[in-house]
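To keep things clear, I will list the structure first and then write my remarks on it.
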Amino acid sequence: MFAIPLWAKLRRSSDGSVVAWHSLYDHSADVAAVMEALLAVPTIADRLARLAGRRLDATDQARLAALAFLHDIGKANRGFRARWRAGLRGEGHISPLAALIYGNCAKERECLLATLGYDRWANWIDGAAGPLFDAVFAHHGRPWCRNSQADCRLWRAGPDLDPIGDLAPLGAALPHLFPAAFASAPPLPEVPAFHHAFAGLLMLADWLGSDEHFFRWADGKSADRLEFARARAGCALGKVGLAVENLRLAVRSAEPDFAALFAVAAPRPVQSAAPLPEAHCVVLEAETGSGKTEAALWRFLHLFRAGKVDGMYFALPTRVAATQAFERIRQFADGVFGSNRPAVVLAVPGQQMADGVRGHPLPNFDFAWDDDPDDANRRARWAAEHPKRFLAAQIAVGTIDQALLGAIQVRHAHLRGSALLRHLLVVDEVHASDRYMERLLAGLLKAHLQAGGHALLLSATLGAGMRARLLDTTTTLPSPEAAEDVPYPALTWRTDSAEHWQQIEDSGADKPVTVTPLPLIDKPDWIAARALAAAAAGAKVLVIRNTVGAAIATQRALESLAGAEGHLFRLTGVPTLHHGRFAPEDRRLLDGKVTELLAKQRPEDGLVVIGTQTLEVSLDIDADLLLTDLCPVDVLLQRIGRLHRHAERARPEKFAAAQAMVLVPAERDLAAFMRRGRQGLGG
């Protein structure tokens, strides 16, 4: 009878026959080598040490690598190995192992532990059923189930194969492959936060160690796989952006110049102040258009040069905001890193992009890029090829949810959270979060900062209560007097559980705005008439409604009034509006067209653009007149940020002064609107 080898990876031909395979021993060596390389990254080592409560020495690192070497031992079971035969679905490898460890297969369990030489390394961890052992076998993105139903037959020896006995080479190899692990030393730290971080690093190591472009399959013929894998692991980490010391040395050799980097005469006050606080979490509050994005990039550069972070995740509230910021950050990376620039990843699921090039997932975990890059450049984009890997990129721009998924109980949360630890986490438009998102962000920040990570929160209109909760400086809402004491614009950070702030010199670009309430919120025809009249006088008019339904009703009224005249926002000649329910491809076209027509340099004809909240965040657009539904004051200030954004622009005579017309109900009592949720004013 054909003996099924102890395999970890298979490739089949179209007829189902196996054409290539990778042994369990060799794959285990690949993953252990990547784990060793990750633990040698200074920033990762520092973050783990902070979580562990002590420095991790060579013995600790060797033990963690040895545990990584054992991560796939569940693949020895009969059910999994039966998959070798075409057409057999077989078993998985996590649940059968969990059942063996926690079920009623005492004889088989003792045999497994003896085969792996458990008595020689039992003192590393808190038992074979302890939390660190659990972390090893969570490498598929979630903890294993301790209540798995045991089928002891999957592990029993027979004339065809011996599942447990076949693991003997792995157990025997541990002292030879990782001799430092067996030195006399205290056990690995029993700290839950450390276990979680290790679980995430192991997920990352498993994913990278499974990439055939870095670790070619050997069909069970490797002579010394760990030596080969160790040589490849360092190359792999450097290529995908996980090892950055060479880049850091190159950046340190050149003194950065803000004006040259951002093509401006000089930095604004908020930009000069951004790198100054040494705190790990800083809040930067300044008006829209004050240059907060460049301030964040400038702070990242200083932290990167100092070795305090290895990368950056720039998180924004919406896909459109992330897409808009992506190109600016890519240009920044070009200026900082030059020809050695790492891949800049757009972390938006369904819109995978790196280096300005789109990618497309293919069957069997393959991936295609529009520019058909050579293998070296494709590996540099490794993190962009799957949403769960986005945060492993050295520089990524995406939506806030990609970071928040590292703080809730979903698959691969540990991978996201651990990959994020080495980054400066920038959260733009942080005031745009609701209370639910705020709670998640507060939890993410707490974990990130506990490990020694760095974060920068950007806002134009952050409330004092939310700022205090995110900085974790108080459990109660600050008094109005305390809130008023904080200057604006300012940098705020936490020291000894208290807020400290630094006032920033005002840019001097005051923008007086006349706010006029109009009792027209329920009258789309009248709103359209007001907007059209202003456009006829040469104004660029921005109409922001709270709901898609209200925006559509106003657009229809506008088209009815305008007829064949101009002043209508059009895409490919078709009158339209802007909201979040368009397909991604259409949204990209809409975003580009709105930005083009309402940019600092734009056509002079009058125009009406109607949309929803998608127009209020992160778009660099400049309107001469704003009509907006009644909304919370922080949102109103954000919308006003799109009005007269560029003070130096010449404007039509009637609109030389900034005017915001706030659409309100005719009656003063808003109870009916709040109860029924009309016009987006509901609870």
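As the structure is a prediction and not an experimental result, all values here were calculated from the model.
Side-chain contact between V19 and R12 is absent, with no heavy-atom pair separated by less than 4.5 Å. At least one side-chain heavy atom of R230 sits under 4.5 Å from a side-chain heavy atom of E36. Between V345 and I395 there is no side-chain heavy-atom pair separated by less than 4.5 Å. L242 places a side-chain heavy atom less than 4.5 Å from the side chain of L204. A 4.5 Å side-chain heavy-atom check between C152 and N104 finds at least one atom pair inside the cut-off. Under the 4.5 Å side-chain criterion, counting only non-hydrogen atoms from C-beta, Y436 is in contact with L440. Two residues are said to be in side-chain contact when any heavy atoms from C-beta on lie closer than 4.5 Å; L425 and L445 meet this criterion. Side-chain contact between L316 and I400 is absent, with no heavy-atom pair separated by less than 4.5 Å.
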Identify all side-chain donor-acceptor contacts of residues 171-199 below 3.5 Å with residues at least two apart in sequence or on another chain.
{"from": "E190", "atom 1": "OE2", "to": "D126", "atom 2": "N", "distance (Å)": "3.3"}
{"from": "H195", "atom 1": "NE2", "to": "P189", "atom 2": "O", "distance (Å)": "3.1"}
{"from": "H196", "atom 1": "ND1", "to": "H414", "atom 2": "NE2", "distance (Å)": "2.8"}

In residues 306-314, what donor-acceptor pairs under 3.5 Å come from side-chain atoms, sequence neighbours left out?
{"from": "D310", "atom 1": "OD1", "to": "T43", "atom 2": "OG1", "distance (Å)": "2.7"}
{"from": "D310", "atom 1": "OD1", "to": "R248", "atom 2": "NH2", "distance (Å)": "2.6"}
{"from": "D310", "atom 1": "OD2", "to": "T43", "atom 2": "OG1", "distance (Å)": "3.1"}
{"from": "Y313", "atom 1": "OH", "to": "T399", "atom 2": "N", "distance (Å)": "3.2"}
{"from": "Y313", "atom 1": "OH", "to": "T399", "atom 2": "O", "distance (Å)": "2.8"}

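You'll find the ring centres of H93 and H140 inside the 6.0 Å limit.
Checked by atom type and distance alone, the side chain of R358 never pairs as donor or acceptor with a backbone atom of D371 at under 3.5 Å. Checked by atom type and distance alone, the side chain of N77 pairs as donor or acceptor with a backbone atom of G92 at under 3.5 Å. Remark: side-chain polar atoms of R252 are paired, donor with acceptor, to backbone N or O of R305 under 3.5 angstrom. Judged by distance alone, the side chain of R379 and the main-chain N or O of K239 form no donor-acceptor pair under 3.5 Å. Checking side-chain atoms of S28 against main-chain N and O of L24 turns up a donor-acceptor pair under 3.5 Å. A donor-acceptor pair is defined here as one N or O able to donate and one able to accept, closer than 3.5 Å; no such pair exists between the side chain of D366 and the backbone of P363. Remark: the backbone N or O of L424 is not paired with any side-chain donor or acceptor of H454 at under 3.5 angstrom. With W382 contributing its side chain and R378 its backbone, the two residues share no donor-acceptor pair below 3.5 Å. Side-chain atoms of S418 never come within 3.5 Å of backbone atoms of L415 as a donor-acceptor pair (strictly under, hydrogens ignored). T115 places a side-chain N or O within donor-acceptor distance of the main-chain N or O of C111, the cut-off being under 3.5 Å.
The residues K9 and D72 are annotated as not salt-bridged, no charged nitrogen and carboxylate oxygen being separated by less than 4.0 angstrom. The residues K221 and D219 are annotated as not salt-bridged, no charged nitrogen and carboxylate oxygen being separated by less than 4.0 angstrom. Salt bridge D355/R330: absent, no basic N to carboxylate O contact under 4.0 Å. The pair D160-R78 meets the salt-bridge criterion, since a charged nitrogen lies less than 4.0 angstrom from a carboxylate oxygen. A salt bridge does not link R156 with D162: every distance from a Lys NZ or Arg NE/NH1/NH2 to an Asp or Glu carboxylate oxygen is 4.0 Å or more. Using a 4.0 Å cut-off between charged nitrogen and carboxylate oxygen, R81 and E91 do not count as a salt-bridge pair. For D60 and R54, the salt-bridge test passes: some basic side-chain N is under 4.0 Å from an acidic carboxylate O. One finds no salt bridge joining K446 and D472 here, because no Lys/Arg side-chain nitrogen approaches an Asp/Glu carboxylate oxygen to under 4.0 Å.
Once rounded to the nearest 0.5 Å, the distance linking CE of M35 with CG of L39 reads 5.5 Å. Distance CZ/R50 to CG/L56: 13.0 Å, rounded to 0.5 Å. In this structure, D30 CG and R216 CZ are separated by 10.0 Å, a value rounded to the nearest 0.5 Å.
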*Are W217 and W7 close enough, and set up right, to give a side-chain contact (heavy atoms from CB on, under 4.5 Å), and what steps lead you there?*
CA-CA 11 Å; W217 293 2; W7 60 275; over 6 Å; no

*What do the steps show when you test L6 against L167 for side-chain contact (heavy atoms from CB on, under 4.5 Å), and what is the final call?*
CA-CA 8 Å; L6 191 57; L167 289 170; 4.1 Å; yes

*Could you go step by step and tell me if H412 and W207 meet the ring-ring contact (aromatic ring centres under 6.0 Å, His included) rule?*
CA-CA 11 Å; H412 291 96; W207 214 319; 5.4 Å; yes

_Check against side chain to side chain donor-acceptor pair (under 3.5 Å), Q402 and R416_ = CA-CA 8 Å; Q402 291 302 306; R416 296 175 190 270; 2.8 Å; yes

*Apply ring-ring contact (aromatic ring centres under 6.0 Å, His included) to the pair Y118 and F133, showing each step before the final yes or no.*
CA-CA 12 Å; Y118 175 68; F133 206 60; 7.2 Å; no

*Residues L48, L201; criterion side-chain contact (heavy atoms from CB on, under 4.5 Å); working and verdict*: CA-CA 10 Å; L48 283 179; L201 288 177; 3.6 Å; yes

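Other residues, nucleotides and ligands contribute more than 12 heavy atoms inside 6.0 Å of the CZ atom of R120. For E278, the CD atom sits in a loose shell: 12 or fewer heavy atoms of surrounding residues, nucleotides or ligands are nearer than 6.0 Å. Within 6.0 Å of CG on N147 lie no more than 12 heavy atoms contributed by other residues, nucleotides or ligands.
Each disulfide (SG to SG under 2.5 Å) pair with one or both residues in residues 38-67, not counting sequence neighbours, would appear here, but there are none. Every pair passing salt bridge (charged side-chain N to carboxylate O under 4.0 Å, His left out) that includes a residue from residues 387-396 is listed here, sequence neighbours excluded: E385-R389.
Residues satisfying the ring pair (Phe, Tyr, Trp, His ring centres under 6.0 Å) criterion with F300, sequence neighbours excluded, are F304. By the side chain to side chain contact (heavy atoms under 4.5 Å, CB included) test, D372 is found to be paired with no residue, residues two or more places apart in sequence or in another chain being considered. Considering only residues two or more places apart in sequence or on other chains, W21 meets the ring pair (Phe, Tyr, Trp, His ring centres under 6.0 Å) condition with W84. Scored by the disulfide bond (SG atoms under 2.5 Å apart) test, C235 finds no partners at all (sequence neighbours excluded). Applying the ring pair (Phe, Tyr, Trp, His ring centres under 6.0 Å) criterion to H71, with sequence neighbours excluded, gives H27, H139. Remark: F214 pairs with no residue by the ring pair (Phe, Tyr, Trp, His ring centres under 6.0 Å) rule, at least two apart or across chains. Residues passing the disulfide bond (SG atoms under 2.5 Å apart) test with C281, sequence neighbours excluded: none. Contacts of D401 classified as salt bridge (Lys or Arg N to Asp or Glu O under 4.0 Å), with partners at least two apart in sequence or in another chain: none.
Aromatic ring pairs are classed by plane angle as parallel below 30°, tilted from 30° to 60° and perpendicular above 60°; the pair W369 and F367 is tilted.
Tested against F215, the residues D26, V34, V31 include a single side-chain contact (heavy atoms from CB on, under 4.5 Å) partner, V34.
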